[in-house]
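These values consider heavy atoms only, across backbone and side chains, with no hydrogens, waters or symmetry-generated copies. For ligands, and for the atoms within them, numbers begin at 1 and follow the listed sequence.
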Amino acid sequence: MTLSKPPWDYAPAPESMKVDIAPEHGLFIDGAFRVARSGRMFATINPATEEPLSEVAEADAADVNDAVVAARKALKGWRKLPALERAKYLYRIARRIQERARELAVLETMDNGKPIRETRDEDVPLAAAHFFHHAGWCDKLRYALPTSTGADPQPIGVCAQVIPWNFPLLMAAWKIAPALACGNTVVLKPAETTPLTALRLAEILQEVDLPRGVVNIVTGAGATGRDLVQHADVDKVAFTGSTDVGRAIATAVAGTSKRLTLELGGKSPNIIFADAPIDQAVEGIVSAIWVNQGQVCCAGSRLLVEECIVDEVIDKLRHRMQSLRVGNPLDKNTDVGAINSRAQLERIEGFIRAGVSEGASHHEVSGATLPSRGFWCRPCFFTGVQPSHTIAREEIFGPVLAVMTFRTPEEAVVRANNTMYGLSAGIWTSSGSKAYEIARQIKAGVIWCNTFNQFDAAAPFGGYRESGFGREGGRAGLAAYLA
Ligand code: NAP
Ligand code: MG
């Protein structure tokens, strides 16, 4: 297949950048914004331009303590509130997210670097959906998880929640909505590079008159997260992030009475059988690895193709990759935006160099002119990958796909499970029985068939093995927030 570019190009379709961003953001503690006790601030930037967006307060141990004290104080009133009243707050938050959707999407794109098409159509609607879904559970907890006495199950208490930068608002919603629905109070620590939408959510919490202290947001870097999860008066720790930090948190929490859930990294297989609808499968490969610049914990980063169709799949994939538009995340035509930080870009580039030096063949989007400032990585895939290669084993968290082949369904299963992770998997086949048979044997928390990266607030999400434990979303997700 030849790789000719069409003789025309799209006209730019930029979304307006008109969104108010205060030059400084405080901590959200006990229902109000305030400066950090230390007075320290850090900058958050737009990774597509490297321009600073705002200065944000850096919480130290004393600030974290204030937030935990506020959450403890608020717990008594919040857990006693009739469930239907709790539900009304969650509904109001969901409605307000919808009403402020454009503002949240633009802000997220500017702070994170991901395309506006994704923040507008995925991140923000899914965040609202999560609050809507959990509003419905508030008065039905006894049916979701019946207790031996028939009484309502009880909340755990004060929840420390630490989230990463890849889906900042969505991860805040995934954490806060079930915690509140179950009657817990929260102290949330957003990632250092993407604090702005969580703080905008705090404004929404003020607008809907959520009782003071029910949700507190402490911004800062890893040290703030460490202070939070190690605080003695926290009852539960919920963490989403890297496996290394997850391990450190598990060690810190071991031997205490704190409950723990961990949503960690992945290296998920996307398996294409010869009887799959190939064109749809190629679209599925694209959305599995190049959505959000591949900075997705459940990304289908290991492509396993049945050997007899590998040439066809690679030709079509190369052609499709060539059509991806890389650049200004605020342009509505952009498919692939900026990498979230210079550090993350350097990490990804290191993996690409390792792939080349270990002998795999590198294929990337060519031709596109990338902006002169910002953090950019061309979507790419590697062929000739061996299971022992670094790019086949380690989570890259970038737009880099490792392609491998298999000959039999048994070999596909062995290759798919040949990882320390177990977050997600994709299976592409026209045979329903084959799909079930393969899915049954794959060790992953989420398995998609003839699709990839589909999320729903009602569907539990979470991992096995080094991808963590505990589920978020749906009925299973409630269990993590009830005593
Ligand atoms: P990370 O470095 O582990 O950071 C995650 C969060 O933890 C951030 O808020 C971070 O703060 C904070 N943190 C860092 N060190 C800490 C410590 N010692 N104690 C407590 N908190 C600490 O991960 P990341 O690079 O931001 O995110 C990428 C990783 O997250 C990938 O491995 C990805 O697979 C995983 N992830 C998993 C899921 C899932 O649901 N399974 C979802 C999304 C992402 P700073 O950012 O301010 O340093
Ligand atoms: Mg930023």
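Here Ala101 pairs with Val124 under the side-chain contact (heavy atoms from CB on, under 4.5 Å) rule; sequence neighbours left out.
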Step-by-step side chain to side chain donor-acceptor pair (under 3.5 Å) determination, Gln454 to Thr451:
CA-CA 7 Å; Gln454 298 289 331; Thr451 185; 3.3 Å; yes
Step by step, would you call Thr419 with Glu466 a side chain to side chain contact (heavy atoms under 4.5 Å, CB included)?
CA-CA 9 Å; Thr419 169; Glu466 304 263 317; over 6 Å; no
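Take the Mg ion (ligand 2) and draw a sphere of radius 2.8 Å; the protein N/O/S atoms inside it number 5.
Counted within 6.0 Å of CE on Met17, heavy atoms from surrounding residues, nucleotides or ligands total 12 or fewer; the atom is thus considered open.
Annotation: ligand 1 has protein neighbours Val162, Ile163, Pro164, Trp165, Asn166, Lys189, Pro190, Ala191, Glu192, Gly220, Ala221, Gly222, Gly225, Arg226, Phe239, Thr240, Gly241, Ser242, Val245, Ile249, Glu263, Leu264, Gly265, Cys297, Glu395, Phe397, Leu423, Phe461, each with a heavy atom less than 4.0 angstrom from the ligand.
Ring geometry for His133 versus Trp137: interplanar angle over 60°, hence perpendicular rather than tilted (30 to 60°). Between Trp448 and Phe455, the angle of the ring planes goes over 60°, which puts this pair in the perpendicular group of the 30/60° scheme.
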Which pairs of donor and acceptor atoms, one on a side chain in residues 159-167, lie under 3.5 Å apart (sequence neighbours left out)?
from	atom 1	to	atom 2	distance (Å)
Gln161	NE2	Lys175	O	2.9
Gln161	NE2	Tyr481	OH	3.1
Asn166	ND2	Gln295	O	3.2

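Taking OG from Ser301 and CZ from Phe351, the interatomic distance works out to 10.5 Å, rounded to the nearest 0.5 Å. Rounding to the nearest 0.5 Å places CG of Asp233 at 9.0 Å from NZ of Lys258.
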